[in-house]
Amino acid sequence: MLQVSFLRQNRDLAKKKLAIKHFAQPNLVDTVIDLDDERKQLQASFDETQAKVNSASKEIGALMAKGDKEKAEATKTDVGEWKKQLEPLKEKMAQVEIDLQNVLVQFPNLPHDLVPLGKSPEENVLVREGGVTPKLHPGAEAHWDLIKKYNLVDFETGAKITGSGFPLYIGKGAKFQRALVQYFLDFNTAAGYTEYLPPFMVNAASAFATGQLPDKEGQMYHATEDDFYLIPTAEVPVTNVFRDVVLKETDLPIQMTAYSPCFRREAGSFGKDVRGLNRVHQFEKVEIIQIVHPDKSDEVLNEMVVHVEKLLVSLGLPYRILRLCGGDMGFASAITYDFEVYSAAQERWLEVSSVSNFAAYQTYRMKCRFKDGAGKIQFAHSLNGSSLALPRIFAALVENYQTEAGIALPKVLQSYFGAEKLI
RNA sequence: AGAGAGGUGUCCGAGUGGUUUAAGGAGCACGCUUGGAAAGCGUGUAUACGGCAACGUAUCGGGGGUUCGAAUCCCUUCCUCUCUGCCA
């Protein structure tokens with residue numbers, strides 16, 4: 001959420017930056033300031049009257065103690081009058097606060113200066129690429145054929161059990177998932193991240209804090225009986241560890257990693273992107289999350305990008321890193337780098353990780369602050385990234401490592417999987 | 001799931017309608033004291049909003065209510081603990 005004080009001081013800059021994110025109603029910035037002015041005014045007169053009530057009430061107490069009942073009763077009448085004035089003020093103030101909040105939550109985060117202009121994925125900027133695209137043998141197949149051929153994943157039975165997009169991993173397919181999760185977690189903890197295993201459902205306050213509510217309500221599965229949401233990413237529960245917390249400056253940076261299944265309704269998706277493991281409703285992911293000093297978040301973002309890059313290099317997959325343009329970025333992000341791996345069999349790039357700096361957008365919503373050296377309270381910055389999401393990594397690995405004899409494995413995974421090759 | 005007991009500041013803990021302006025203790029910070037430390041003494045030690053400031057307002061798990069006045073009474077909700085039940 002954007003801070004009113006920032007919007008107040010940077011009215012035009014905010015509008016300009018919102019335009020980069022293709023936000024349709026830049027004039028809401030003015031609305032916010034007007035509402036905030038009104039709120040201030042209402043509070044001033046409310047506080048003033050309330051102060052009179054408070055001190056008169058105390059006086060009544062003193063008068064009663066002295067036994068001066070008559071004067072006490074007279075003061076009660078005065079208080080009654082003031083309280084009548086208070087009622088409408090209170091109501092108006094509550095309404096203005098709701099209105100203000102309703103407008104504020106509509107603003108996406110402002111883009112970082114490095115974010116390129118653009119509307120669609122074609123306008124993302126290629127930062128760098130690496131790895132070598134393998135030369136596959138003739139007759140090489142896409143993962144949806146390979147997993148059928150080797151009985152690694154059964155979509156039909158998953159659909160029978162639950163519905164489409166809920167894959168059933170079997171045998172070596174299931175074990176491979178476990179091996180990947182284990183490898184990714186070990187890789188992250190070796191770099192200093194602390195491992196968490198969070199709840200897989202969250203309450204509305206948590207979903208709101210990281211920005212899923214109200215923006216992406218329709219994308220989450222909702223358990224209405226208890227009003228819990230199935231998490232779309234471990235980012236939601238893990239970032240919320242620090243909701244409503246005032247940290248010490250020396251606690252920063254906080255580095256966390258977590259495995260979780262992710263549940264996404266993916267309402268509105270269609271087309272060839274949804275084939276096989278390219279887009280599913282439930283998948284496994286290992287996430288990295290950091291909460292850092294605001295002066296450090298740019299630098300930390302780059303470190304996280306390099307971290308994920310190293311992980312991809314270790315898997316021997318051809319990859320590229322893109323800086324997303326304003327139109328392709330997420331709602332809460334200030335700057336995002338997407339990682340894609342090349343699927344040699346599908347002959348297309350698959351997004352496998354997204355690393356973002358949220359600046360103070362999430363931390364302001366969730367009131368995650370720290371006390372700096374001077375004793376001043378500041379909002380921390382939050383960042384996160386996938387390290388890594390499994391389905392498309394799985395797809396790219398089986399496609400790129402396929403041979404006529406079976407499917408090989410990158411060296412780093414052999415000990416985790418307990419064999420030299422997958423098949 | 002049923003019955004009961006609870007939730008107070010950084011922590012422990014007192015507080016059943018009015019100088020509570022949340023006692024007292026511990027911790028922490030600073031100062032005094034000391035050769036240095038400990039002890040002792042003194043001072044300070046939550047957050048948000050409004051205000052240039054003085055200060056005001058709100059917050060005793062959350063929300064609502066009663067009252068001139070609520071940590072305290074009432075309703076509701078969440079959480080923790082104990083017992084019982086059920087269950088991996």
Side-chain angles (χ1 to χ4, degrees), chain A residues 1-9 32-105 197-209 213 222-229 237 240-252 261 360 362-380:
Chain A
M1 199 151 64
L2 300 179
Q3 299 179 45
V4 179
S5 57
F6 178 88
L7 294 176
R8 200 179 268 285
Q9 284 158 34
V32 161
I33 294 166
D34 291 345
L35 282 168
D36 193 49
D37 284 340
E38 195 182 345
R39 180 189 65 81
K40 280 185 186 185
Q41 215 171 15
L42 285 167
Q43 194 184 335
S45 49
F46 179 88
D47 283 1
E48 198 186 328
T49 310
Q50 183 67 51
K52 281 201 278 189
V53 170
N54 285 348
S55 68
S57 294
K58 238 176 254 177
E59 216 175 286
I60 291 170
L63 289 168
M64 299 285 254
K66 261 199 290 182
D68 191 346
K69 269 202 175 155
E70 219 170 283
K71 203 166 176 198
E73 286 304 323
T75 312
K76 271 192 198 182
T77 317
D78 288 346
V79 174
E81 284 303 309
W82 294 327
K83 286 195 55 157
K84 262 184 230 156
Q85 299 169 22
L86 235 40
E87 238 4 83
L89 277 176
K90 201 170 153 188
E91 266 168 49
K92 231 190 230 168
M93 203 157 66
Q95 190 54 52
V96 168
E97 259 160 40
I98 290 166
D99 292 347
L100 181 59
Q101 189 73 5
N102 285 344
V103 179
L104 272 179
V105 296
L197 184 61
F200 299 151
M201 290 200 231
V202 295
N203 55 33
S206 294
F208 176 81
L213 289 180
H222 188 191
T224 51
E225 180 89 19
D226 295 287
D227 197 20
F228 293 154
Y229 293 88
N240 271 281
V241 168
F242 294 98
R243 170 151 56 87
D244 290 321
V245 170
V246 180
L247 293 155
K248 288 187 255 173
E249 188 165 10
T250 49
D251 293 335
L252 304 175
Q362 291 181 329
T363 53
Y364 181 61
R365 272 187 173 216
M366 75 171 89
K367 301 195 173 23
C368 171
R369 296 152 293 172
F370 71 97
K371 201 171 254 187
D372 66 20
K376 218 182 123 210
I377 303 276
Q378 290 191 45
F379 287 98

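Letters A, B, ... mirror the listed sequences (proteins, then strands); counts begin at 1. Note that the structure is a prediction, hence the values are computed from the model and not measured.
- Rounded to an integer number of Å, the gap from A:Phe46 CZ to B:rA58 P is 7 Å.
- Distance, A:Asp244 CG to B:rG62 P: 11 Å, rounded to whole Å.
- What you find for A:Met1 and A:Tyr364 is that their closest heavy atoms are O-CD2, 3.2 Å.
- With B:rU57, B:rU47, B:rG50 as the choices, the nucleotide that has an atom nearest any side-chain atom of A:Ala51 turns out to be B:rU57.
- Residues A:Ser206 and A:Asn203 have side chains that bring a donor and an acceptor to within less than 3.5 angstrom of each other.
- Remark: B:rC68 base-pairs with B:rG18; criterion is Watson-Crick or G-U wobble with both hydrogen-bond distances under 3.5 Å.
- For the P atom pair drawn from B:rG64 and B:rU59, the interatomic distance equals 10 Å after rounding to whole Å.
- When the P atom of B:rC49 is taken as reference, atom CD of A:Glu48 falls 21 Å away, rounded to whole Å.
- Atom NZ of A:Lys76 is separated from atom P of B:rG18 by 14 Å (rounded to the nearest Å).
- Between A:Arg365 and A:Phe208, some side-chain heavy-atom pair lies under the 4.5 Å cut-off.
- Here the P atom of nucleotide B:rU21 and the CD atom of A:Glu59 are 15 Å apart, to the nearest Å.
- Across all strands shown, A:Ala56 has no heavy atoms under 4.0 Å from either base or sugar-phosphate atoms.
- Within 4.0 Å of A:Asn54, counting heavy atoms only, lie sugar-phosphate atoms of the nucleic acid but no base atom.
- Mapping A:Val53 and A:Ala44 onto RNA chain B by nearest heavy atom places A:Ala44 at the nucleotide closer to the 5' end.
- In this entry B:rG42 has B:rC30 as its Watson-Crick or G-U wobble partner, both defining distances falling under 3.5 Å.
- Closest to the A:Arg369 side chain, of the nucleotides B:rC49, B:rU47, B:rU57, is B:rU47.
- In this structure, B:rC60 forms no base pair with any nucleotide, since neither Watson-Crick nor G-U wobble geometry is met with both distances under 3.5 Å.
- For the P atoms, the distance linking B:rC60 with B:rU10 amounts to 13 Å, nearest Å.
- Base pairing annotation: B:rA5 forms a Watson-Crick or G-U wobble pair with B:rU80, both donor-acceptor distances under 3.5 Å.
- Taking a pair to require two hydrogen-bonding distances under 3.5 Å in either a Watson-Crick or a G-U wobble arrangement, B:rC86 remains unpaired.
- Rounding to whole angstrom units, CG of residue A:Leu247 and P of B:rA46 are separated by 18 Å.
- B:rU84 and B:rG15 have their C1' atoms separated by 34 Å, given to the nearest Å.
- The CD-P distance, from A:Gln50 to B:rC68, rounds to 14 Å in whole Å.
- Counting non-hydrogen atoms under 4.0 angstrom, A:Lys371 reaches the backbone sugars and phosphates but no base.
- Within the nucleic acid shown, A:Gln43 comes within 4.0 Å of at least one base atom, counting heavy atoms only.
- When distances run from any side-chain atom of A:Lys40 to the nucleotides B:rG50, B:rC68, B:rA48, the shortest one goes to B:rG50.
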Show your working on salt bridge (Lys or Arg N to Asp or Glu O under 4.0 Å) between A:Arg8 and A:Asp37 and close with a plain yes or no.
CA-CA 10 Å; A:Arg8 200 179 268 285; A:Asp37 284 340; 3.0 Å; yes

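- For the pair A:Arg39 and B:rG50, the criterion of a side-chain N or O lying under 4.0 Å from OP1 or OP2 is met.
- For the pair A:Leu86 and A:Gln50, the minimum side-chain heavy-atom distance is below 4.5 Å.
- Comparing the P positions of B:rU57 and B:rG2 gives an interatomic distance of 43 Å, to the nearest angstrom.
- Across A:Leu104 and A:Leu2, no two heavy atoms sit closer than the pair CD2-O, 3.6 Å.
- With respect to A:Phe370, the side-chain contact (heavy atoms from CB on, under 4.5 Å) criterion is satisfied by exactly one of A:Leu252, A:Thr250, A:Ile377, A:Val245: A:Leu252.
- Residue-to-nucleotide proximity on RNA chain B shows that, of A:Gly61 and A:Val246, the 5′-proximal contact is made by A:Gly61.
- Here the P atom of nucleotide B:rU19 and the CD1 atom of A:Ile60 are 13 Å apart, to the nearest Å.
- Comparing the same atom, C1', in B:rA71 and in B:rU20 gives a spacing of 10 Å after rounding to whole Å.
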